[in-house]
**Q** 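After the structure tokens below, expect a handful of questions from me.
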Amino acid sequence: MSPGEFKAGGEGLEIAFGFHPSPFGEALVMATPRGLAGLAFCDDESGRGAILADMRRRWPRAGYLEQPQATAPLAARIFDPALWRPEAPLRLVLIGSDFEISVWQTLLRLPLGGATSYGAVAAHLGKPKAARAVGAAVGRNPLSFVVPCHRVLGKGGAITGYHWGLTRKRAMLGWEAGLAKRG
DNA sequence: AAACGAGGTTCCT
DNA sequence: AGGAACCTCGTTT
């Protein structure tokens, strides 16, 4: 995947989406022919409109089609650890600014259950004072959970904030902790 | 414990 | 171009 492949705003992009159950509530899965483009969460059907609007705002010029049959296999694979294959990773389509993409790629290297802090990510990017910018970029991550934004904690390990709710962040960390324990 | 300012980047007007 | 917002951090009341 090459991020520069798409114009800002998702111009000319066709995005298929569908809502599927997940361990963390109902998941909105978005995909292009190139791979997974978006993943977001809501508590119930009443929240669908809001998160769909939230995601569409990220790529206002893209076209959207509700095609649950197209996104269902992706949802199944994302949330079933038995289907995770390091040698054949999911194809991801990261759409964002250079800074955002570098932050997200840093997160993708985090090991399962491994935590870091906003400041540490900023330092890794050579901008030790950009912790807040990292927070903003992480918060704009369109691939919630797949890009492990929930593994970024405040300095000292405090769970500081989460776009989709602190409760969900804790749920993800607990779910991963259970995985690690089981092996 | 709460309030404050610096800080990098993006979004909106 | 200007201002506000953001999943922060360190320092000061």
**Q** Please check if atom CG in Asp80(A) has more than 12 non-hydrogen atoms from other residues, nucleotides or ligands closer than 6.0 Å.
**A**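 Check passes, neighbour count above 12.
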
**Q** Identify, with sequence neighbours excluded, every residue that meets salt bridge (charged side-chain N to carboxylate O under 4.0 Å, His left out) alongside Arg56(A).
**A**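 If we apply the salt bridge (charged side-chain N to carboxylate O under 4.0 Å, His left out) test to Arg56(A), skipping adjacent residues, there are no hits.
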
**Q** Checking Arg132(A) now: which residues fulfil side chain to side chain donor-acceptor pair (under 3.5 Å) with it, not counting sequence neighbours?
**A**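 Testing Arg132(A) for side chain to side chain donor-acceptor pair (under 3.5 Å), a comparison that skips the adjacent residues, returns none.
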
**Q** Going by the rule side chain to side chain contact (heavy atoms under 4.5 Å, CB included), which residues pair with Val152(A) if we only count those two or more places apart in sequence or in a different chain?
**A**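 Only Leu107(A), Thr116(A), Tyr118(A) meet the side chain to side chain contact (heavy atoms under 4.5 Å, CB included) criterion with Val152(A).
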
**Q** So which protein N/O to nucleotides 8-11 of chain B N/O distances come out below 3.5 Å?
**A**
from    : atom 1 : to        : atom 2 : distance (Å)
dT9(B)  : OP1    : Lys127(A) : NZ     : 2.4
dT10(B) : OP1    : Ser97(A)  : OG     : 2.3

**Q** Counting the benzene-type ring for Trp, do Trp84(A) and Phe79(A) have ring centres under 6.0 Å apart?
**A**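 Here the rings of Phe79(A) and Trp84(A) have centres that are no less than 6.0 Å from each other.
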
**Q** Determine whether the side chains of His163(A) and Asn141(A) contain a donor N or O and an acceptor N or O closer than 3.5 Å.
**A**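 There is no such pair between these side chains.
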
**Q** Can you see whether Tyr162(A) engages Thr167(A) through a side-chain donor-acceptor pair at a distance of less than 3.5 angstrom?
**A**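 Short answer, no.
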
**Q** Could you spell out the base pairing of DNA chain B as a dot-bracket line? Use Watson-Crick and G-U wobble contacts where both distances are under 3.5 Å, [ ] for crossing pairs, | for partners on a different strand.
**A** ||||||.||||||

**Q** Side-chain heavy atoms nearer than 4.5 Å, only ILVMFWY residues, links allowed to pass through others: does that put Val147(A) and Leu83(A) together?
**A**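 Hydrophobic grouping puts Val147(A) apart from Leu83(A).
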
**Q** Quantified in whole Å, what is the P atom distance between nucleotide dC4(B) and nucleotide dA4(C)?
**A**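 Each nucleotide's P atom is 16 Å from the other's.
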
**Q** Heavy atoms of chain A, cut-off under 4.0 Å: which first and last nucleotide of DNA chain C, 5' to 3', fall inside that, if you could look?
**A**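 Footprint of chain A along DNA chain C, 5' to 3': dC6(C) to dG10(C).
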
**Q** Is the Phe24(A) to Trp164(A) ring centre distance short of 6.0 Å?
**A**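 When the ring centroids of Phe24(A) and Trp164(A) are compared, they turn out to be at least 6.0 Å apart.
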
**Q** More 5' along DNA chain C: Trp164(A) or Lys155(A), using each one's nearest nucleotide?
**A**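 Its nucleotide being nearer the 5' end, the pick is Trp164(A).
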
**Q** Using modelled atom types only, decide if a donor and an acceptor are shared between the side chain of Arg151(A) and the backbone of Leu110(A) within a distance under 3.5 Å.
**A**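 The answer is yes, because a donor-acceptor pair under 3.5 Å joins these two groups.
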
